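Computed over heavy atoms, backbone and side chain alike; hydrogens, waters and symmetry mates excluded. Note that the structure is a prediction, hence the values are computed from the model and not measured. Ligands are counted one by one from 1 in listed order, and the atoms in each one are counted from 1 as well.
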Amino acid sequence: MQSTPFDPHAYGGVRYEHLAPDIVNIAMSRPAVRNAQDMEMTYALNAAFDRAAQDDAVKVIILSGDGDHFSAGHDMGGDRSRTWRDFRTVGTWAAFDGPGVEGLYGREKEIYLEMCERWRNLSKPTIAAVQGSCVAGGLMLAWCCDMIVAADNARFRDPTLEFGVAGVEFFMHPWELGTRKAKEWLMTADWLAAEEARQCGMVNQVVPVADLMASALALAKKIADKGSFVLKAVKESVNHAQDVGARRNAMMHAFGLHQLSHHHNKQQWGMLVDPNGIHPALREKIRVRFNLPALPGREPATTA
Ligand code: ZN
């Protein structure tokens with residue numbers, strides 16, 4: 001396995017390695033925090049995707065997570081003193097620290113919604129290799145890939161409704177699961193097991209956890225065998241077929257309601273999420289981060 005140090009912009013949290021001359025693995029490498037995605041990891045992922053897109057030798061891209069879990073979602077512990085001005089933004093809204101709703105809207109639009117849309121539309125085929133827990137923002141990372149290979153221990157969950165937020169920012173639930181299952185899954189905030197996710201069409205393959213990377217690589221090799229232009233063309237064709245159903249417009253509407261739910265919580269609780277639904281340990285982390293007084297909260301029905 002040829003491993004290349006990845007540091008194009010001094011961003012961290014991601015490893016970039018060739019599994020074959022034409023296949024790259026972009027690995028989230030913060031296993032100690034279950035690959036929680038902070039701003040630095042977001043821009044590192046974006047730089048890695050760009051690098052793979054711009055390398056003519058690369059045909060297929062795998063996105064994986066080091067350790068026992070693919071992703072715990074967005075890092076609620078903060079951005080380790082980094083601000084948006086430390087990174088090369090890809091959109092034009094900027095002003096993540098703007099007043100009123102301007103800051104949060106601009107930040108979440110850039111680093112969650114539009115970044116995932118950008119990766120979804122990346123020209124080359126992408127495969128997510130998912131093991132363990134894939135939660136909230138982690139779903140967005142798996143969903144923006146063209147295919148998902150899941151380990152038999154993989155499980156998926158969007159817990160946002162428990163803390164007063166109307167689903168994750170990249171609102172693909174209805175397209176991934178169908179409308180009825182999406183409603184049940186969101187409203188119960190239950191786990192979705194790998195095999196059930198496969199039956200719903202969200203996951204392509206379920207494989208033994210020990211075989212996860214080998215299975216993703218075997219799929220990538222089969223695809224890499226095809227011509228690079230027809231791969232790009234067929235990917236764009238399928239993406240456009242999905243968009244004929246107004247996916248993008250529906251998603252922008254959902255994003256507006258997501259922002260509204262954040263600000264509803266802000267009015268209700270003085271913070272962007274409802275602290276009642278947050279695990280006590282995480283609640284304390286958020287309280288410290290935002291310098292808030294003691295927060296109300298009950299024991300959550302489920303834990304993330
Ligand atoms: Zn949000």
Side-chain angles (χ1 to χ4, degrees), residues 33-43 45-46 71-80 82-84 87 89-91 93-120 133-144 156-174 176 182 185-187 189 247-279 282-283 285-287 289-290 292 295 297 300 304:
V33 289
R34 297 180 173 190
N35 298 315
Q37 181 191 346
D38 61 1
M39 201 156 34
E40 182 166 21
M41 182 190 278
T42 303
Y43 285 101
L45 285 170
N46 189 57
S71 171
H74 300 146
D75 193 340
M76 303 291 271
D79 288 308
R80 293 177 286 167
R82 310 294 290 271
T83 80
W84 68 281
F87 305 101
T89 55
V90 299
W93 272 63
F96 294 2
D97 45 8
V101 301
E102 184 178 357
L104 187 76
Y105 190 92
R107 173 189 162 93
E108 296 209 341
K109 182 174 166 60
E110 155 97 9
I111 67 175
Y112 301 146
L113 178 67
E114 302 296 7
M115 202 64 96
C116 287
E117 185 74 10
R118 186 169 193 272
W119 300 338
R120 180 236 185 204
S133 298
C134 178
V135 179
L139 299 166
M140 300 173 16
L141 298 174
W143 286 343
C144 68
F156 304 86
R157 182 168 180 249
D158 184 343
T160 52
L161 265 74
E162 287 191 338
F163 46 89
V165 177
V168 294
E169 291 85 357
F170 189 65
F171 197 85
M172 281 295 288
H173 316 62
E176 295 290 349
W185 187 55
L186 274 162
M187 291 176 186
R247 179 197 62 89
R248 171 76 177 164
N249 284 344
M251 192 177 269
M252 287 309 294
H253 181 251
F255 184 69
L257 290 169
H258 175 99
Q259 295 302 318
L260 194 64
S261 60
H262 274 318
H263 292 284
H264 174 74
N265 291 324
K266 183 106 183 179
Q267 288 187 18
Q268 290 267 84
W269 307 104
M271 57 195 297
L272 297 170
V273 296
D274 175 353
N276 286 292
I278 303 174
H279 190 276
L282 188 56
R283 190 187 304 145
K285 215 171 168 182
I286 292 173
R287 188 193 68 73
R289 180 185 172 196
F290 293 101
L292 296 165
L295 297 169

Is the Zn ion (ligand 1) less than 2.8 Å from an N/O/S atom of His74, whether that atom is in the backbone or a side chain? no
Of all N, O or S atoms in Glu169, which has the smallest distance to the Zn ion (ligand 1)? OE2
Do Glu117 and Arg247 sit within salt-bridge range, that is, some charged N less than 4.0 Å from a carboxylate O? yes
Angle subtended at the Zn ion (ligand 1) by His262 NE2 and Glu108 OE1, rounded to 10 degrees: 100°
Enter the distance from Glu176:CD to Phe156:CZ here, rounded to the nearest 0.5 Å. 9.5 Å
Identify whether the distance between the nearest side-chain nitrogen and carboxylate oxygen of Lys109 and Glu102 falls below 4.0 Å. no
Exactly one candidate in His264, Lys266, His258 meets side-chain hydrogen bond (donor to acceptor under 3.5 Å, both in side chains) with His262; the answer is His258
